[in-house]
Structure formats: C-alpha cells, structure tokens
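Scope of the values below: all heavy atoms of this structure, side chains included, with no hydrogens, waters or symmetry mates.
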Amino acid sequence: SRDAVERAFLHSMLGELYLQYYQNDRWNIDRRTELGDYVPEDMKEWTRGILLNKVIEHLNASLAPKDELLTTTVFSFAAVVELGSDSRQFFPTMYDFLMRRSLECCQQMWGNEDISRLLAGKGITMEELFLPAEQFVTLPFEPLPGEYEVWALEMYRQHLASLLERGMETSALLTELEKLDYLSRFYRYYNMYAFASLWRLFDKWEGDEMSVELIDRIANFYPNVVLRMDELDSAGREQKIGELYEMLQEAVQAYPDYKRITILQDQLASLTQSRFTVTGNRTFHLGSEIKLDVTFKNLRSMTAKLYRVDSPKEALMMQQANYKKFEGQRRFVKDIPVHLPESAPYAEKKVSIRFNLKEPGSYVLTLDTSPETVNTPLSEYFFSLSDLALFSRASGEDRYDFFVVNRVTGEPVTDAQVVIYKLPGNWRNSTLPREASLPVNKLGFTVYNKEAPNNDLFYHAISGKDNGFA
C-alpha cells in the first residue's frame with residue numbers, strides 16, 4: 001500500500017505478530033545467546049533482543065506518519081477495527097488507536113536492566129515518573145535499543161503530549177491512569193509515589209464526574225495506608241477509613257448518572273460488608289471462665305447458642321463433614337447473650353463473650369447475625385473444657401509416644417487412656433472407626449505401634465468424664 005495510514009496499520013500488526021511469535025516460543029528463544037548487531041537470515045535463529053527490537057521498530061514505524069494519523073478517524077477503519085464507545089469519545093483518531101496498540105505491546109515487554117539505573121543515566125528519577133502529565137511530557141527518555149521499559153515510558157510521553165496539545169484533558173487523565181497502572185510493575189516506587197500522584201490528580205479534577213475514576217484508584221490504596229498505621233491507634237485507623245467512606249458516599253450521591261458509578265458503589269459495598277470472626281482458646285481448663293472475642297463490622301445484632309458435642313471425635317467430624325448430618329449428636333446447653341455496640345457501618349469493633357461451664361467435654365457455639373453474613377468461616381466455633389493435655393511424638397517408624405498430663409499442674413494423669421481413630425478418605429461418607437484404646441502407665445506415658453495401613457490418625461485422651469480436647 002502507498003497509503004501512509006494503511007502502512008502504519010500494517011506496521012502495527014507486524015509488531016504485534018513479532019511479539020506473539022516471541023511469546024509463543026519464549027522458553028527456547030530466551031536460551032539463545034545474543035548476537036549483537038548480527039541478524040541471521042533464518043528467523044528461527046533470532047534471539048530475544050532481535051525479535052523485541054523488531055517489535056519496537058514496527059511500532060515506531062506505525063506512529064511515524066503522525067500528521068496523517070491525527071487527521072484520520074478510527075471510524076474510517078470500522079471495517080477492520082472493533083469500535084468501542086470510549087474509542088470514539090476519548091481516543092478518536094488513528095494516531096490514538098495505534099499508540100494505544102503500541103502501548104499494549106510495550107506493556108508485555110520487560111527489560112533486562114534495572115530501570116532506576118537506566119533512568120538515572122538520563123538524569124531522571126523514579127519519582128519523576130509520577131509527575132503530572134504537563135511535567136511528565138518534558139522528561140528526556142530518549143530510549144536506546146533494548147531499553148524496552150523506557151520505550152513504553154517514551155510512548156506514554158508522546159501520547160500525553162499529543163493529547164494535551166489537542167486540549168483533550170479527559171483523554172489525558174485516562175492515559176495518566178493507565179500509565180500509573182503500568183508503573184505498578186515497579187512495585188517499590190509505585191507504593192512510594194502513586195498515592196500522592198492520585199491525590200494531585202484528584203485536587204485538579206474534584207467536582208468533575210471524572211473524579212470517580214480517581215476516587216476508585218485512591219480507595220484501592222486505603223487498605224495499605226491503614227495497615228501501615230500504628231496497630232494500637234484504633235481511633236486513627238477508624239478515622240482514616242471513615243474519610244474514605246465519606247468520600248465514596250459523596251461521590252455516589254454527586255454523580256449518580258456517571259456510566260461507571262458502579263465502581264464506587266462496589267467499593268462502598270466492600271467497605272461496609274457485614275462480617276465477623278471469633279477468636280479465642282480452643283481448650284479451657286475446668287473452673288476457668290470461657291472468653292471468646294468477636295470482631296465484627298456492620299452488624300445490628302448477634303445471637304449465640306451453645307451446644308455440647310458427645311466427644312472430640314464427633315466435634316472433628318462435624319467440622320470436616322456435613323454439619324447437618326451430625327445435628328442429632330449435639331445437645332442444646334443454653335443461649336449466650338451477645339451485646340453489640342452501635343457503630344458506623346465501616347467501623348470494625350470488638351466485643352467479648354464470657355460465660356462459665358462446669359461439665360468437661362466438647363462444645364460448639366453457633367452464631368447468627370442480622371444482617372446475615374456470607375463467607376463467614378467461623379459461624380460455628382468449636383472448643384473443649386478439659387484438664388487434660390496430650391503430647392505426642394514419632395519415636396520410630398510407625399511408633400508414636402503419648403504423654404498425658406494435667407493441663408494446670410503438669411502432673412501425669414495416671415488413669416488416662418489414649419484413644420486412636422483412623423481418619424477416613426472421604427469425610428462425607430465415612431465415620432471415624434476406633435483403632436485402639438491405650439492405657440497410660442504411672443508416668444502418664446503410653447506407646448502406639450501403628451499397624452493400620454491408613455496413614456492418618458486422630459487421637460484424644462480420656463480420664464473419667466473428661467474426654468480431652470477437640
């Protein structure tokens with residue numbers, strides 16, 4: 001073709017094809033020794049450097065007839081280009097289209113040298129990569145062959161410069177956000193500078209519906225911002241999350257008709273998702289107060305019911321298999337009051353559940369909430385009340401030693417037994433058959449020589465009514 005735009009389009013396709021060729025056989029290509037300036041006639045002998053340089057060569061050629069590309073709309077190539085609404089509105093010319101294709105290719109290429117060192121040699125700091133577009137476009141990247149990541153930065157520079165020259169500020173903003181996404185590959189510097197860069201952009205675009213895009217990116221940073229705060233500064237953490245909540249709420253109310261407002265609605269839903277976790281000991285000794293901590297968010301109420309389970313074996317089966325299958329093996333003990341303080345929908349709060357029990361054994365606390373939570377792993381909390389502590393070790397091939405002591409005093413429990421069960425291969429269709437019951441000696445010690453072919457065992461200690469821990 002003699003048409004400059006058509007030739008540019010073909011160069012873009014060739015660059016993409018060279019990149020695909022490299023990616024499809026990169027394991028073999030990467031093992032080839034670089035040949036400097038020599039390029040073999042047989043493409044099958046080409047090295048990584050030769051192929052990627054070819055990619056860059058064709059991408060640059062695709063952008064060379066800039067004036068012609070800027071006066072040609074993407075719509076005129078509708079027969080071969082899939083048109084999106086964003087393309088027509090924000091990136092309407094063939095220059096924009098081919099530049100974005102070039103950037104997509106460059107984003108898939110990685111340099112072999114440290115980017116900060118390469119840029120330092122050009123008088124550019126990593127922080128300057130996060131400058132506003134008006135300043136970024138003045139950076140002298142001047143990439144050399146093989147500096148693939150610098151080529152990507154240079155193309156962002158060229159595109160942003162063109163958009164600013166044409167007064168397309170909204171398009172430039174979207175390109176700046178894409179540039180920030182690209183810079184996330186430089187993880188250390190991205191964490192240092194991207195958050196401040198987003199806030200600078202927000203200050204410029206505040207009051208415009210496009211600020212929705214910035215608020216969404218800023219919101220993604222908040223978990224790490226809060227994580228880096230002092231763990232003891234719970235009030236400061238809550239205040240910081242409250243700032244995000246208010247910003248999201250205000251934007252959702254201010255721009256209800258923005259076509260992508262759902263991204264902030266999703267952020268709000270995630271921030272205020274109802275959930276809870278229960279933490280505490282798995283075993284309490286007789287006579288001690290049972291104390292469990294509940295950390296929750298956006299719950300109006302919680303109810304707790306306590307059940308006693310026959311033994312640690314049943315407790316294990318209930319946790320591993322179908323819970324409802326074992327409902328008949330639990331006995332209701334009592335309701336446990338849980339008082340949740342009022343809190344903001346985004347605030348994480350903690351309360352303690354305290355109660356006392358007298359009878360040793362295995363128990364399960366079930367918790368129901370309003371509103372109902374989803375994906376809560378600890379809506380049933382298993383624990384035991386026992387004075388027994390069981391220690392075990394493998395002392396030889398298929399030989400296991402057990403030592404039973406009082407959990408509080410450390411004295412041997414001389415009348416204890418260690419009960420061994422075989423674990424099934426399929427929890428849903430199996431039970432735990434008893435394999436052995438081993439009495440301990442006066443030192444609380446016993447030995448089990450495994451003969452069962454099953455590789456997995458479950459065991460617990462028994463002494464009188466105390467049947468150990470789950």
Side-chain angles (χ1 to χ4, degrees), residues 84-91 130 132-133 163 168-184 190-191 193-229 233-277 295-302 340-350 369-376:
S85 58
D86 287 347
S87 297
R88 293 194 296 271
Q89 180 180 357
F90 299 116
F91 305 104
F130 298 86
L163 293 170
M168 302 174 65
E169 291 200 0
T170 301
S171 303
L173 170 63
L174 295 175
T175 303
E176 281 195 85
L177 292 177
E178 291 174 2
K179 174 175 72 75
L180 279 176
D181 288 342
Y182 176 74
L183 292 176
S184 66
Y190 183 78
N191 283 340
Y193 304 123
F195 193 52
S197 177
L198 287 168
W199 275 114
R200 285 195 297 267
L201 287 170
F202 178 77
D203 290 340
K204 177 181 177 180
W205 288 87
E206 188 174 9
D208 188 286
E209 66 176 10
M210 292 303 297
S211 64
V212 167
E213 303 294 338
L214 293 163
I215 293 170
D216 179 55
R217 305 298 181 93
I218 289 171
N220 291 334
F221 269 89
Y222 260 77
N224 284 335
V225 172
V226 173
L227 191 64
R228 289 196 293 266
M229 296 177 68
D233 186 13
S234 57
R237 287 180 165 219
E238 185 174 322
Q239 180 182 356
K240 183 62 68 175
I241 297 173
E243 291 173 5
L244 173 61
Y245 176 78
E246 293 299 329
M247 184 167 61
L248 291 169
Q249 284 275 59
E250 290 173 6
V252 168
Q253 293 170 9
Y255 311 112
D257 298 325
Y258 181 63
K259 63 180 180 179
R260 278 171 44 86
I261 196 61
T262 54
I263 61 177
L264 298 195
Q265 292 169 343
D266 291 343
Q267 292 276 10
L268 268 175
S270 176
L271 188 65
T272 60
Q273 182 179 11
S274 299
R275 64 174 184 264
F276 72 91
T277 57
T295 303
F296 71 95
K297 178 190 284 189
N298 200 16
L299 296 178
R300 291 190 297 271
S301 64
M302 175 179 286
L340 301 182
E342 290 188 11
S343 59
Y346 57 82
E348 191 172 80
K349 297 292 184 180
K350 181 181 288 187
T369 64
S370 177
E372 186 176 355
T373 61
V374 295
N375 299 326
T376 301

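- Here the closest heavy-atom approach between residue Leu177 and residue Leu198 is recorded as CD2-CD2, 3.9 Å.
- Between Asn224 and Arg228 the shortest side-chain heavy-atom distance falls below 4.5 Å.
- Residues Leu299 and Met302 approach most closely at CD1-CE, 4.0 Å, considering heavy atoms.
- Remark: Leu214 CG to Arg200 CZ distance equals 12.0 Å, nearest 0.5 Å.
- Trp205 is listed as a side-chain neighbour of Glu169, based on a closest heavy-atom distance under 4.5 Å.
- When all heavy atoms of Tyr245 and Pro345 are compared, the pair lying nearest together is OH-CG, 3.5 Å.
- Of all heavy-atom pairs between Phe221 and Ala194, the closest is CZ-CB, 3.6 Å.
- Gln267 pairs in a side chain to side chain contact (heavy atoms under 4.5 Å, CB included) with only one of the listed residues (Leu244, Ile215, Asn220, Thr272), which is Asn220.
- Ion pair Glu243/Lys240 flagged as a salt bridge, since at least one NZ, NE, NH1 or NH2 atom sits closer than 4.0 Å to an Asp/Glu carboxylate oxygen.
- Side-chain atoms of Ser370 and Arg300, non-hydrogen and from C-beta on, do get closer than 4.5 Å to each other.
- Side chains of Ile263 and Glu213 form a contact here, defined as non-hydrogen atoms less than 4.5 Å apart.
- To the nearest 0.5 Å, the span separating CD on Glu250 from CG on Leu264 amounts to 12.0 Å.
- Residues Arg237 and Met229 come closest through the heavy atom pair NH2-O, 3.1 Å.
- Phe195 places a side-chain heavy atom less than 4.5 Å from the side chain of Ile218.
- Side chain of Ser274 to main chain of Asn298: a donor-acceptor pair is present (N/O by atom type, distance under 3.5 Å, no hydrogens or angles).
- Residue Leu183 comes nearest to Tyr190 through the heavy atom pair O-CB, 3.8 Å, listed as atom of the first residue, atom of the second, then distance.
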Please assess Lys349 against Glu238 for the test salt bridge (Lys or Arg N to Asp or Glu O under 4.0 Å), listing each intermediate value before the final yes or no.
-> CA-CA 10 Å; Lys349 297 292 184 180; Glu238 185 174 322; 3.0 Å; yes
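- For the pair Thr369/Phe296, no side-chain contact is recorded, criterion being any heavy-atom separation below 4.5 Å from C-beta on.
- A distance of 13.0 Å separates CD1 of Ile261 from NZ of Lys259, quoted to the nearest 0.5 Å.
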